[in-house]
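Just so it is clear, the model here is predicted, and its values are computed rather than measured.
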Amino acid sequence: MNTPAGFEPASAAIAEPAADAVCFVWRDDRILARAGDPPVLPRLRDVAGLAIGGARHYLGRLEGEDCVAIRAVPGELAEGWEWRGLRSLFLQLPDPWLALAGRASQIVEWDRSHQFCGRCGAPTRDKAGERAKECPACGHTVWPRVSPAMMVLVTRGSELLLARSKRFAQPVYSALAGFVEAGESIEDCVHREVREEVGIEVRDLRYMASQSWPFPHSLMIAYNAEYAGGEVHPCDDEILDARWFTVDALPQLPNPVSIARALIDSTVERLRRG
């Protein structure tokens, strides 16, 4: 869900977006789409026809088309339209548009949650020239929030350490993950989270890639690591199960859209090559 190739980001439109601008209309954690297979994102003229009001945020241009995020005011929808969870659009929207939907969700959530200053309580306003909220009373400025989180896939010879979180309704096993705490480096976070979640030590950390993950505003930073010692057992209430798996006997894995799956797939390929 990283920035798609060819996307030209902007914080303000030079002129009014065209009537056929692509709209990412959010109401709480649901995005508006025309029902169908595949679903279709609305255009600005559709939004006007549906009489959907709410704060608008110009995103930029993708594939030559204006893109707008809208934080919708709740209301009734006309037949043929529906509110969808973003995860339900995985593998249904083309990857560039899915990535931009994730960006839009983070911007409208930031807009919704920063209507008032967190320092003095005064109403905020949009800051001219950049994507920020400023307080006219005390000058406090707030930008869209990004929360860094590490992800690490630990290997022991030809085995992978995968864990199941209670957050998943299905028995999906994935790499370990956790948010970076204040004052930590990503590497510090990897060692601490692995120790806290499954009780082992790791070594030889190797950066793999990063991915924006809009649930709600994470930046996932993925690593490989080698097992260094200890006995695997869930030490955290979030972890239902953790165990070693061979590359030929893997459990149900995360959605291919996620960096977790990319991390697992690339590691499996490397281990099979020997």
Testing the 3.5 Å rule here: is there a donor-acceptor pair between the side chains of Glu187 and Tyr223? yes

For this session: Could you tell me whether Lys133 and Asp111 make a salt bridge, using a distance below 4.0 angstrom between a side-chain N and a carboxylate O?
Result: yes

May I ask you to establish whether Arg167 and Phe215 are in a cation-pi arrangement, using a distance under 6.0 Å from NZ or CZ to the six-membered ring centre and at most 45° from the ring axis? no

Let me see the working for Ser174 and Arg261 under side-chain hydrogen bond (donor to acceptor under 3.5 Å, both in side chains), right down to the final yes or no.
CA-CA 8 Å; Ser174 186; Arg261 182 60 176 271; over 6 Å; no

Check: Less than 4.5 Å apart, any side-chain heavy atom of Trp83 and any of Trp26?
Finding: no

Review point. Can you check whether Val68 reaches Phe24 side chain to side chain, under 4.5 Å on heavy atoms?
Key: no

Salt bridge check, Arg125 against Glu134: does any charged N sit closer than 4.0 Å to a carboxylate O? yes

Kindly say whether Val247 contributes a backbone atom to a donor-acceptor pair with the side chain of Arg272 at under 3.5 angstrom? yes

Distance only, no hydrogens: is a donor on one side chain within 3.5 Å (strictly under) of an acceptor on the other, for Thr267 and Asn224?
yes

Heavy-atom closest pair (Lys166 atom, Asp237 atom, distance to 0.1 Å) is CD-O, 3.6 Å

Shortest non-hydrogen pair, Leu41 vs Cys23, comes out as CB-O, 4.1 Å

All heavy atoms of Ala19 vs all of Arg43, minimum pair found to be O-CB, 4.0 Å

- Message: Within the 3.5 Å criterion, strictly below it, is a donor on Gln211 or Ser258 matched to an acceptor on the partner's side chain?
- Response: no

- Query: Between Asn2 and Ser212, is there a donor-acceptor pair closer than 3.5 Å when you use the side chain of the first and the backbone of the second?
  - Reply: yes

- Task: Flag the pair Gln92 / Pro39 as yes when at least one side-chain heavy-atom distance between them is below 4.5 Å, and no otherwise.
- Result: yes

Q) Should the pair Arg84-Glu82 be classified as a salt bridge under the 4.0 Å nitrogen-to-oxygen rule? A) yes

Tell me yes or no: between the side chains of Arg103 and Thr3, is some donor less than 3.5 Å from an acceptor? yes

*Check: Arg145/Ser147 side-chain N/O donor and acceptor closer than 3.5 Å*: yes

task = Ignoring hydrogens and angles, state whether a donor on the side chain of Tyr173 or Asp241 is under 3.5 Å from an acceptor on the partner side chain.
result = yes

Parallel, tilted or perpendicular: ring planes of Trp213 versus Phe90, cut at 30 and 60 degrees
tilted

Residues passing the ring pair (Phe, Tyr, Trp, His ring centres under 6.0 Å) test with Phe179, sequence neighbours excluded, are none

- Below 4.5 Å, heavy atoms only, C-beta onward: do Arg27 and Arg71 meet side chain to side chain? no

